[in-house]
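Here, residue 1 is the first one in the sequence, and each next residue gets the next number.
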Amino acid sequence: MSFLVPIHAPATRGEPFDFRTHANDFLVKREQARSTEVFLVRVPGLGTVPGHVHSDMEQTFVFLSGVGTATLRRAGDQVSYRCLPGDTVFVPVGWHHSVAADSLEGVTYVTVNAFLPDTDRVGGTAIAHAEEVNTAFAAAFAAGRSERQPDETVLFRCAETAFRRDDPVGALAQDFTSLVTTLTQAPEAYRVERIGPFEIARAVTPVAAVLSRSLADEIHAAVAGLAPVVVEGSQSPLSVKPPYAGSDLDLLVMVRRPEELPVASKTVRALDGVADRIPVPLAVGMVYQPWLALPGFYSAVSIDPGHEDRRWFSAAKPDRLAEATRRLKASLVTVHDQTWMTEMFEATVALTGLDHDLVREWRVTPRWRGLDVLEPLR
């Protein structure tokens, strides 16, 4: 009898196999164990693992990130489960099953295969089995996938999700909260707040935005000739999260190069001069312009009267929602472009004056800290 050895496999270090419809990152291969196999499944946003069935194994899915729907059927029976991070789904042998990503950021889950004794095993190795079943998955990919439209909850979830980028091979959507409210409810119905060490989801009632075209013109006039300014967050006409009583007006001063920091700082001080004429609290920060391509900034809109963004102040809601959708989808492509992300990260580090050699790892997070925390602005 051969002796097996223990295995430790970080989730981002699995050996990937791309089915085109989804990817399996093998953590424990069947040839490394007697009756078990473990892999991470990454399903792209609004994508689906095609329906299939196993005759030689039971499967258990443990969901890590995103929101997905697992559908199982056998003979005349069918069940569907909406799966959140931490949920487990058991798939008995002989049940056809598929998993759809309901999130724009995709869904990830760990699959544990338990091979049945006294049953012919399909595929002697993990890769050989993947190559065999990929023939059927390739046909599903060639047939194309139906267009699924994300709802507002999915849009908001995407903007609140971080994408870990610590390895060129895999990207994981990281959920920063296990609050069911944030995973399932419409964004206008709640806000996430922090009280000391506690994070809470509080019910809110939407109110009308205060940032009209005329107020945007007045703000722009106060900073004319200085650094560009954008509005983002709930007061932006592109936000799927409308303001509520007590909402701030979030304005961001854009910086493209280190030498622009003094002018950006002057712009921030100029905005203080109009704060008393704005009927809600004014929150001003600075943003490095390339960051605006990331999901958390999908709602950023220029207040410059001559900028094409100004059309969104008067556009119909369906058109604004379509633009928010387009921006979020484009930002997902950006986040998954490892070369571009690395270049932007290095430029960000250079802008702050940090020692790049001291950086151990990094990831993209939606909980931004603006450039106003940098030493040059103090």
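Here His52 and His96 keep their ring centres 6.0 angstrom or further from each other.
Inter-residue side-chain proximity for Phe313 and Pro237 is flagged as met; some heavy-atom pair is nearer than 4.5 Å. A heavy-atom distance below 4.5 Å is found between the side chains of Leu294 and Val364. Within the 4.5 Å cutoff, the side chain of Val49 has no heavy atoms near those of the Phe19 side chain. You'll find the side chain of Val192 reaches within 4.5 Å of the side chain of Tyr190, heavy atoms only. Annotation: side chain of Ser65 is in contact with side chain of Thr108 (closest heavy-atom distance under 4.5 Å). Using a 4.5 Å cut-off on side-chain heavy atoms (C-beta onward), Gln289 and Val255 make no contact. A heavy-atom distance below 4.5 Å is not found between the side chains of Val93 and Asp56. Looking at Cys158 and Glu105, their side chains come closer than 4.5 Å, going by heavy atoms from C-beta outward.
With Asp18 contributing its side chain and Arg20 its backbone, the two residues share a donor-acceptor pair below 3.5 Å. Using modelled atom types, no side-chain atom of Asp337 and backbone atom of Thr334 make a donor-acceptor pair closer than 3.5 Å.
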**Message:** Applying side chain to side chain contact (heavy atoms under 4.5 Å, CB included) to Val38 and Asn113, what does each step give before you reach the verdict?
**Reply:** CA-CA 6 Å; Val38 184; Asn113 293 340; over 6 Å; no
**Request:** Tell me, with the steps shown, if Phe63 and Thr88 meet side chain to side chain contact (heavy atoms under 4.5 Å, CB included).
**Result:** CA-CA 6 Å; Phe63 286 80; Thr88 297; over 6 Å; no
**Item:** side-chain hydrogen bond (donor to acceptor under 3.5 Å, both in side chains) evaluation trace for Thr48 with Ser98
**Value:** CA-CA 7 Å; Thr48 304; Ser98 65; over 6 Å; no
**Request:** With side-chain hydrogen bond (donor to acceptor under 3.5 Å, both in side chains) as the test, would you mind laying out the steps for Ser236 and Trp312 before giving the verdict?
**Result:** CA-CA 9 Å; Ser236 167; Trp312 301 118; over 6 Å; no
**Candidate pair Met341 and His336, rule side chain to side chain contact (heavy atoms under 4.5 Å, CB included), full reasoning** = CA-CA 8 Å; Met341 289 298 299; His336 286 89; over 6 Å; no
**Message:** With side-chain hydrogen bond (donor to acceptor under 3.5 Å, both in side chains) as the criterion, how do Gln338 and Thr342 come out once you've worked through the C-alpha distance, each side chain's angles and the decisive distance to 0.1 Å?
**Reply:** CA-CA 6 Å; Gln338 176 68 13; Thr342 300; 3.2 Å; yes
**Message:** The test is side-chain hydrogen bond (donor to acceptor under 3.5 Å, both in side chains); show your working for Gln59 and His97 and say whether it passes.
**Reply:** CA-CA 10 Å; Gln59 290 189 309; His97 53 280; 2.9 Å; yes
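For the atom pair Glu260 CD and Tyr288 OH, the distance stands at 10.0 Å (nearest 0.5 Å). Distance check, rounded to the nearest 0.5 Å: OG of Ser331 to CZ of Arg326 gives 10.0 Å. Distance CG/Leu179 to CG/Leu84: 11.5 Å, rounded to 0.5 Å. Interatomic distance, NE2 of His220 versus CZ of Arg310, reported as 8.5 Å (0.5 Å rounding). To the nearest 0.5 Å, atoms CG (Asp25) and CG (Leu40) are separated by 5.0 Å.
Salt-bridge formation is not detected for the pair Asp102/Arg157: no Lys NZ or Arg NE/NH1/NH2 atom is positioned less than 4.0 Å from an Asp or Glu carboxylate oxygen. Between Glu218 and Arg277 a salt bridge is recorded (basic side-chain N to carboxylate O distance below 4.0 Å). We find that Glu193 and Arg191 are not joined by a salt bridge, their nearest charged nitrogen and carboxylate oxygen being 4.0 Å or further apart.
In this structure, Arg327 forms no cation-pi arrangement with Tyr298, as its terminal cationic atom is not both closer than 6.0 Å to the ring centre and no more than 45° off the ring axis.
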